[in-house]
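Following: one structure in structure tokens, then a few remarks.
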Protein chains: 4
Amino acid sequence: MSGSTFGQLLCVTNFGESHGPAIGCVVDGCPPGLELSEADLQPDLDRRKPGTSRHVTQRRESDRVEILSGLYQGHTIGTPIALLIRNEDAKSGDYAELADTFRPGHADYTYWRKYGRRDPRGGGRSSARLTAPMVAAGAIARKWLAQSFGMRIRGHLQQVGELVVPFESWEMVDANPFFAASLQCVPQLEAHLDALRRSGDSCGAIVRVVATKVPAGLGNPLYDKLDARIAYAMMGINAVKGVEIGAGFGAATEAGSTHGDELTPGGFVSNHAGGMLGGISTGQDIVVRLALKPTSSIRLPRRSVDLQYRAVKVATQGRHDPCVGIRATPIAEAMLALVLMDQALLNRAQNADVSHELAPLPGSID
Amino acid sequence: MSGSTFGQLLCVTNFGESHGPAIGCVVDGCPPGLELSEADLQPDLDRRKPGTSRHVTQRRESDRVEILSGLYQGHTIGTPIALLIRNEDAKSGDYAELADTFRPGHADYTYWRKYGRRDPRGGGRSSARLTAPMVAAGAIARKWLAQSFGMRIRGHLQQVGELVVPFESWEMVDANPFFAASLQCVPQLEAHLDALRRSGDSCGAIVRVVATKVPAGLGNPLYDKLDARIAYAMMGINAVKGVEIGAGFGAATEAGSTHGDELTPGGFVSNHAGGMLGGISTGQDIVVRLALKPTSSIRLPRRSVDLQYRAVKVATQGRHDPCVGIRATPIAEAMLALVLMDQALLNRAQNADVSHELAPLPGSID
Amino acid sequence: MSGSTFGQLLCVTNFGESHGPAIGCVVDGCPPGLELSEADLQPDLDRRKPGTSRHVTQRRESDRVEILSGLYQGHTIGTPIALLIRNEDAKSGDYAELADTFRPGHADYTYWRKYGRRDPRGGGRSSARLTAPMVAAGAIARKWLAQSFGMRIRGHLQQVGELVVPFESWEMVDANPFFAASLQCVPQLEAHLDALRRSGDSCGAIVRVVATKVPAGLGNPLYDKLDARIAYAMMGINAVKGVEIGAGFGAATEAGSTHGDELTPGGFVSNHAGGMLGGISTGQDIVVRLALKPTSSIRLPRRSVDLQYRAVKVATQGRHDPCVGIRATPIAEAMLALVLMDQALLNRAQNADVSHELAPLPGSID
Amino acid sequence: MSGSTFGQLLCVTNFGESHGPAIGCVVDGCPPGLELSEADLQPDLDRRKPGTSRHVTQRRESDRVEILSGLYQGHTIGTPIALLIRNEDAKSGDYAELADTFRPGHADYTYWRKYGRRDPRGGGRSSARLTAPMVAAGAIARKWLAQSFGMRIRGHLQQVGELVVPFESWEMVDANPFFAASLQCVPQLEAHLDALRRSGDSCGAIVRVVATKVPAGLGNPLYDKLDARIAYAMMGINAVKGVEIGAGFGAATEAGSTHGDELTPGGFVSNHAGGMLGGISTGQDIVVRLALKPTSSIRLPRRSVDLQYRAVKVATQGRHDPCVGIRATPIAEAMLALVLMDQALLNRAQNADVSHELAPLPGSID
């Protein structure tokens, strides 16, 4: 019931602040026998880490993860896996003047009201830096899901501000610094972000994540629907303001005769449901979309108040992503992986004895 | 950790199936001393219940709730409050032929894959009927929140299919069977739904819920953000496919200089954030939107398969809402109330000793 | 996290007060496909229920249980199983005068301090009557454990006051009203309890519970050891003041060379550990002992205070067990069953893929 | 719901193995504003650490704790507090030959059955070394409880094997390496343990822990009684086989007229209940006793089997406590502190609005 723990059987307890000595997490509940080392976690961490292109924050962190426990002879042994990442490039001086003002769009004011005090250095615990341990934990889940079901979880940037990025192929996603599934869009994206950076402003984004080879039967009727767990995970990512499953808000304007995915002996003929019905996975692809707000730290001066509620102007000079949505792709993938592994464990706890004469229907044959 | 329990300190454990003997819930963790009787719960139940107009399902249920425990001399005493609603108008015959087919868009297939068996009568546990206990539990939370903070939680129907319903006033919401905040739209809504019913099809909807007089400081940094808890609650409501906080998906196209709500000595000047920053409430109104898919039970014949995966046609004749989104309004209000009361209890557990010289900033002065 | 919910995957949420309309519980997480009806629960309820002999309280309750949900065609379907028992013989008048005094040894004072108010009728929620739903829920667990592993969980009364009851055979336990595993002791027990009842006093007891055919591997390293879960369950039973696993307090005076159970190719040669090592079951019998305090409701007058802390004398006239330990046997069995089923589900969630070339070692060959 | 997480609102997630890189824990839910540094944790860690006298294991660990998060300017800020202790004196070679045998009385066999593999170095996760993070976390709770209520939690060794140690004064406890509350017993204890060490055998012990200035009202009716939470905590400590609250097993032979603590205007006249009634604290001292089994690692050869179930002899040569009960005192204190702080937070979550005209009754005036 710790607010910093994610998951029910695969439990990830996150700790740390942006400019403290270290960040990390404890992953408890992982099945034993999974081959694992730091090398399994680093690639995902590297995809998320800052400073990889001029379009993201220039903070320099190697984000080297150390596994402190839970392994023996290169395999998990069923005990908690503690992951540690030291903070290296903590320039706390950047934030000195912010200690007694509340930056608009930031958690400064709410942390202060809730706790009576806050760590102003780099946003403290509200920093997107805390998504690094999520990504590391997610890499464990991805590996287990891949081995257990052949599952793959992939995301891509679907929209940056007004610029919609078409989907061309998954292969393109890791071949550009935007997680765009289209290489022909890259020059446009670069121009867009360069202009944005020059303007001192920021913009929002939409990310789409898809899981393939998901077993049917994950999730629960209520309240703990698979949809609900995914919404919780995604809305828990910094800056996310909206979550959709399948048709999402588009479902509002669909007719029942369109939205309800028909079944045939060859499988589902469409996937408006996004891979789940009644809170339980159908075996089709899981499709999730999330909207991220524009970065709150911008160079343009904005009105705010200080600790005595006196009017001040705030302009943020530090190192920031002009569009936090870009680096959100590996984070969203990681969170979806954590949800699905957790649900897979929960499902076999209750339903390991359920057997069927027939295999699951194939997913969409659309 | 029961999948059927909602909440962490205010815990609502839901039980029942559409055509079983009864539905209900156990509400644990309510503070003692709250004056309470069935009369506090019935009005919200009556707003949700079926058969109130020709535009919703014609199933006749009085939805009379009985409080079985947790009260003494008309007040809560800190022990679990069990709520019981007997099912009365269960016409199981309507569903006999559906027992060996999977209705498109329904949970029939997923329940069967997960559990190996299912109660086909009225959708069993996947029925929207199970939202009645949520509404009853939510009424307890609403009363406590109103007494503790003066909080009000109200919802309205914002869109039905393509038809957008403007917001005129809260007073209008309970003066029409659509939860529309506009009376001039009612004829259009009636015509729309009458046509829909005649066509044998169904449509989706969007509902908006607003909480006022929310104390600042509710929620947690991560993962258990207030946003995440709300998303979990809303996406756990039957048929919901999308959830937005504040600007929601619109945030993707906003600039940081627009989205980030400025603060002045007089308070926040806007509320794009929807009442929370960094996972914690600001004290502004909480604004949530949810998209509901079209009812899956429609008279139009659709392709499906039977238990042996042979092709069949399914047309649903039973009693169904042509737009489930209509009755979703009191449900969404109830779920938001449950989240906020839970978070209020959690917050004072940790932060009861936090004091401030200054009162919270006023909410949006926009 | 409801305080009234027991278990992590098999979750039992208990509700009710002694003289309210009803008591009951919701059992969530039971695997589907278990054949179940009220007839499976009633025998255990009948073993616990009051009024079965002159040695227990004369309150007359049929303790008929109604299953409200979670079944279809006589089998569990994976959804919550709600159990309802109406209170019938609630003589609240007996307690009228107790409403403004605190009975020594009772929860009157502590409930009042905690909640500011309490239901004084029959002890309200602190009544041993609330163990009835535990027993009903336990019967579900017993059935599942028996079918899954051939497990049996049996208890017997080992001591009443100073009178030690030897173990002769399990068969004798249900052939006398004391749950004594010795028939030759019965006349002594009757004489002891008759004298006690005449004296207006009460006495304590010790109960021993044994589970056989327990699979190896249940439990966790820390903190959630199997021992800890059992201690929690047993110490949560009304009136329990001590819990022992295996050698228990006797282990303090044992040498390591005696206590540590040796292993041979034929199995463990002894069972001082009581069936678990390092928090995890060995596959041997699980052996638990619990000590129960004497009934607090006695006819002998005792000193106490009223709600204004003025001195009063309290003598309880109602209907009470002179030794609550007697009826504790089926309760302890039920709680152990709930723990073991919960742990079996948890274990297969994490470790379903673990396989061994060798079968578990046999239990003690002593 | 992580098995490695202790507590509901004050959540301690423990990680590590005896010979891995590090051990530690994450403490989540601590109220903000508590002054805290490593200096607050080290004294308790030093009381528990190995190598402090010839009567305990000679493993040399400085047990220096590093606080990685959750602090700013020397105070807690409401976010998770991560504690790290590096393992320094890990002589894994000592255990090489044990990797393919199961030591009697150890968790070797059960870990292997459960997980299919295990870390044999120093017992891996089953090592008492993992109590160090519990003690560090407990020190945080002790500080908060002292500041909030003036609470003190102290333990002492009450029995070693057959040798009963009388209670003389709390002051003596920290003036000898046995946590004995009697200095005149020290020579006897030294002789006893020297003889034990020479014999190559080990012995059990009994520890008693007392909390003073406990507020009335902590705990819950059921199942989550204060007694149950304490039993869970104590039985979760390595080697514990029995737990008693107040009169404990002695209650079995007490009469109701003796056991039930009378109340007078001056307070309770006795404390057989050990400070709680009906699962809720009375405001009297909380008194808990725990029995610890003899150390399983002894030099005397014992029968066991290897991984192929072939008969072998095992004699443990490593560095071990001849009586693990000695170092258990600070551990039991820490666990009781964690329970009580957690319950204090839970209680104010639900009951912060409860007020009384009268102060709590004083504790025992005995």
Side-chain angles (χ1 to χ4, degrees), chain A residues 1 3 6 8 104-105 107 110 113-114 116 125-126 159 162 201-202 204-206 216-217 220-221 223-225 227-228 231-232 235-236 241-245 248-249 251-257 259-260 262-263 265 277-278 280 282 291 293-296 298 300 302-305 309 311 354, chain B residues 1 3 6 8 104-105 107 110 113-114 116 125-126 159 162 201-202 204-206 216-217 220-221 223-225 227-228 231-232 235-236 241-245 248-249 251-257 259-260 262-263 265 277-278 280 282 291 293-296 298 300 302-305 309 311 354:
Chain A
M1 254 263 324
F6 183 87
Q8 297 166 278
T110 54
R113 284 308 311 179
K114 182 179 187 72
R125 187 146 178 79
S126 72
Q159 192 171 330
E162 302 281 358
D201 210 338
S202 63
I206 294 176
N220 291 283
Y223 302 92
D224 214 30
K225 289 177 189 281
D227 330 40
Y232 174 83
M235 202 68 101
K241 300 303 288 181
V243 180
E244 293 183 328
I245 308 285
F249 276 83
T253 53
E254 288 180 344
S257 55
H259 180 86
E262 292 184 303
L263 300 86
L277 287 170
I280 298 170
T282 59
K293 70 178 186 182
T295 312
S296 300
I298 55 176
L300 298 178
R302 311 223 59 216
R303 283 182 290 170
S304 188
V305 296
Y309 293 171
V354 172
Chain B
M1 256 261 326
F6 182 87
Q8 296 166 278
T110 55
R113 284 309 310 180
K114 183 178 186 72
R125 186 147 178 80
S126 72
Q159 192 171 330
E162 303 280 359
D201 211 337
S202 63
I206 293 176
N220 291 285
Y223 303 94
D224 214 30
K225 289 177 190 281
D227 330 40
Y232 175 83
M235 202 68 102
K241 300 303 289 179
V243 180
E244 293 182 330
I245 308 284
F249 276 82
T253 53
E254 287 180 344
S257 55
H259 180 86
E262 292 183 303
L263 299 85
L277 287 171
I280 298 170
T282 59
K293 71 178 186 182
T295 312
S296 300
I298 54 175
L300 298 177
R302 311 221 60 216
R303 284 181 289 170
S304 188
V305 296
Y309 293 170
V354 172

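Only this structure's heavy atoms are used, side chains among them; waters, hydrogens and symmetry mates stay out. Labels below follow one simple rule: chain letters A, B, ... track the order of the sequence lines, proteins then strands, and each chain is numbered from 1.
Annotation: maximal heavy-atom pairing with chain A below 4.5 Å, among B:Val305, B:Ile298, B:Ile206, occurs at B:Val305. Counting heavy-atom pairs under 4.5 Å between each of B:Thr295, B:Thr282, B:Leu300 and chain A puts B:Thr282 at the top. Of the listed residues B:Pro221, B:Ala205, B:Ala231, B:Gly278, the one with more heavy-atom pairs under 4.5 angstrom with chain A than any other is B:Pro221. For chain B, the option among A:Gly248, A:Gly116, A:Gly256, A:Gly236 with the highest count of heavy-atom pairs below 4.5 Å is A:Gly256. The candidate with the highest count of non-hydrogen atom pairs below 4.5 Å against chain B, out of A:His259, A:Arg302, A:Glu162, is A:Arg302.
A:Gln159 touches chain B through its side chain: at least one heavy atom from C-beta onward sits under 4.5 Å away, while N, CA, C and O do not. Using a 4.5 Å cut-off between heavy atoms, B:Ser296 does not touch chain A at all. Within the 4.5 angstrom heavy-atom criterion, atoms from both the backbone and the side chain of B:Ala255 approach chain A.
By the side chain to side chain donor-acceptor pair (under 3.5 Å) test, A:Ser257 is found to be paired with B:Asp201, residues two or more places apart in sequence or in another chain being considered. The ring pair (Phe, Tyr, Trp, His ring centres under 6.0 Å) test applied to B:Phe249 returns no partner, not counting sequence neighbours.
Side-chain contact between B:Arg113 and A:Ile280 is absent, with no heavy-atom pair separated by less than 4.5 Å. Contact of the B:Lys241 side chain with the A:Asp227 side chain is registered, since non-hydrogen atoms from C-beta on lie closer than 4.5 Å. Counting heavy atoms from C-beta on, the side chains of B:Lys114 and A:Asn220 come closer than 4.5 Å.
Between the CD atom in B:Glu244 and the CE atom in A:Met235 there is a gap of 8.0 Å [rounded to 0.5 Å].
The two atoms that bring A:Arg303 and B:Glu262 nearest to each other are N-OE2, 2.7 Å, heavy atoms only.
Using modelled atom types, one side-chain atom of B:Thr110 and one backbone atom of A:Leu277 make a donor-acceptor pair closer than 3.5 Å.
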